[in-house]
Amino acid sequence: MEGAQMEDFRIEECENENNTHEDSQMEEPEQNNKHMEVAPALISVHPTRNSVAVAVGSDLRVFNLLEDCAVILVDEAGGASHNDSIRGIKYGANGKLFVSAGDDKLVKVWSTESWRCIATVCSEKRVSAVAISNDGLHVCFADKFGVVWVVDLPGVDETQAPLNKKAVPLLAHYCSIITSLEFSPDGHFIVSADRDFKIRVTVFPKKPLDGAHEVQSFCLGHTEFVSCLAFICTPDSPQGILVSGGGDSTVRMWDIISGSLLDTCAVGAKAQFESDTTEGNCSTVTDICTIPACTLIAVAIQSLRGIMLLSCDLSSRTLSVMKVVSIIGENFVPTSLGSSISGGLLWMVTGASKLRGSDVSSLSRVKVISGFEKSSPDASEQEPAVLVDSEIPGGAKLLEKLQGSISVDEKVFLAAADAVKTAMCNLLIKKQYSDEKREFRKRTRNDRKSKH
């Protein structure tokens, strides 16, 4: 596409997004319950496996693995920690901070020592992704309008009153929903992915509050929305090797310095074979997670009852499917994955916020796969195994906290998986407008400022 045409296309897309956001803002007060979007369950693991957090709907649930007990969150704002679906949770690199954010336009920063909310940030738009800088001094979050914001944090002080911080814009993606944010292992870059198939690598500045103006590269190659990002840490590449997954049923590997595509692994065909389904558009990669103890990448796919393991050959920088670990006897389709530096475990969650027509709220189910110990660096020698509930660290107490109950209804989780698929399509797959409708929407925008 020529430069002028691309610019016109971007302007029109931006105008359509403006109109859509204005419409949604007007609808929310009156029809919030009627048009509530289904949000997938999320999981995040402390870097050294001190704790595990699950978000499902507006519920944030944390279990302390060191003390073998459920965590009570302390939020002096009162009431629930979040009032609408949580869309992003993440531990900081050193494990001292945890951030949660979502559709209630609130970003909350927690101290993992006391699980007290130490800062709250109000976002102008609903939040779609979060990240914490490697030094723990800045929290970044992205909104559905395509802007990444940054907040500076002082040192964690448990005696200090909670802070109400104001965010400033860091960078933008031209009105495209940002789906994932990650800092590189060396902390030098912040990587953002969006609905428009783009991955942007930006130099994280020394003074982030002044904005990030140096783009290192764009990683271009996905043919559908990019849904998730992760880094493989290597001794030869302090900035790490980037891997991404998306709606085109591929996992791709990138050199972020040059933006060049190193390899592509088409996981869709393998997933459809394993799931024995002919359903269309069912092989979207919903999450990826690198296993720090080895060179394996865990992949969650919408149609797959289990996870797919990819092997990364660091010398040739190639990806290949190693094996599929199926969850036998259950309708478990993971929506989110997590791992820690220690422990050799992969944590998975499935579920969704409350479904229409169901009296069960905050549905979630947690599973753990073992077999990723550092003592077995050769991926071919590893035998990952799904732990039974009694073998999961924390056992019944952890499951009751993170799931909401021990027992689960398989039919309900099937409905939840279908609802998550639909919600992702509605959120990330662009609507196509005719030329007439596009022109009409441009003329009737209600955010234009009249010129005098």
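Predicted, not measured: the structure shown is a model, and the values here were computed from it.
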Short side-chain donor-acceptor distance under 3.5 Å, Y91 and S51
yes

Strictly distance-based, threshold 3.5 Å: is any side-chain N or O of T250 a donor or acceptor partner for the main-chain N or O of R252?
no

Which heavy atom of P384 sits nearest to which heavy atom of V325, and what is that distance?
CB-CG2, 4.1 Å

Specify the closest pair of heavy atoms between A41 and S336, including all atoms of both residues, with the distance to one decimal.
O-CB, 3.5 Å

Are side-chain heavy atoms of L65 and V52 found at a separation under 4.5 Å?
yes

If we ignore hydrogens and angles and just use 3.5 Å, is the side chain of K90 paired with the main-chain N or O of V130 as donor and acceptor?
yes

Please determine, by modelled atom types, if S100 and H82 share a side-chain donor-acceptor pair under 3.5 angstrom.
yes

Could you check if a side-chain atom of V267 sits within less than 4.5 angstrom of a side-chain atom of L310, using non-hydrogen atoms only?
yes

Would you say the side chain of D248 lies within less than 4.5 Å of the side chain of F197, judging by non-hydrogen atoms?
no

Quick one: CD1 on I241 to CG on L262, what's the gap to the nearest 0.5 Å?
6.5 Å

Could you label the plane-to-plane angle of the F204 and F183 rings as parallel, tilted or perpendicular, counting under 30° as parallel and over 60° as perpendicular?
perpendicular

Counting N and O atoms only, with roles assigned by atom type, does the side chain of D84 sit under 3.5 Å from a partner on the main chain of D104, one being a donor and the other an acceptor?
no

Ignoring hydrogens and angles, tell me if any N or O in the side chain of Q216 forms a donor-acceptor pair with the backbone of I257 under 3.5 Å.
yes

Quick one: does any side-chain atom of S258 pair with a main-chain N or O of S260 as donor and acceptor, under 3.5 Å?
yes

For the pair T350 (side chain) and V333 (backbone), establish whether a donor and an acceptor sit closer than 3.5 Å, ignoring hydrogens and angles.
yes

With F98 as reference, evaluate L60, I132, V109 under the side chain to side chain contact (heavy atoms under 4.5 Å, CB included) test and give the passing residue.
L60

Closest non-hydrogen atom pair between S339 and L345, with its separation
CB-O, 3.7 Å

Between the main-chain N or O of C219 and the side-chain N or O of H222, is there a donor-acceptor pair closer than 3.5 Å?
no

Side chain to side chain donor-acceptor pair (under 3.5 Å): pairs with one or both residues in residues 183-193, sequence neighbours excluded:
H173-S192, S184-D186

Kindly say whether A300 contributes a backbone atom to a donor-acceptor pair with the side chain of T286 at under 3.5 angstrom?
yes

Would you call R116 and D75 a salt bridge, using N to O less than 4.0 angstrom?
no

Should E383 and K323 count as an ion pair when the cut-off is N to O under 4.0 Å?
yes

Between T120 and K108, is there a donor-acceptor pair closer than 3.5 Å when you use the side chain of the first and the backbone of the second?
no

Would you please test R195 and S227 for side chain to side chain donor-acceptor pair (under 3.5 Å) and show each step?
CA-CA 8 Å; R195 184 187 67 173; S227 55; over 6 Å; no

Run through I43, L42, L337 and flag the one making a side chain to side chain contact (heavy atoms under 4.5 Å, CB included) with V349.
I43

Between D313 and S315, do the side chains contain a donor N or O and an acceptor N or O under 3.5 Å apart?
yes

Nearest heavy-atom neighbours spanning R87 and P40:
NH1-CD, 4.0 Å

NZ/NE/NH1/NH2 to OD/OE distance under 4.0 Å, R126 and D143:
no

For C312 and M253, which heavy atoms make the closest approach, and how far apart are they?
SG-SD, 3.8 Å

Tell me, do W110 and L97 make a side-chain contact under 4.5 Å, heavy atoms counted?
no

Which pairs with one or both residues in residues 232-272 pass ring-ring contact (aromatic ring centres under 6.0 Å, His included), sequence neighbours excluded?
none

Does H138 offer a backbone N or O that forms a donor-acceptor pair with the side chain of S133 under 3.5 Å?
yes

For a quick check under 3.5 Å, do R61 and S364 share a side-chain donor-acceptor pair by atom type?
yes

At their closest point, which heavy atom of V321 faces which heavy atom of C265, and how far apart are they?
CG2-SG, 3.7 Å

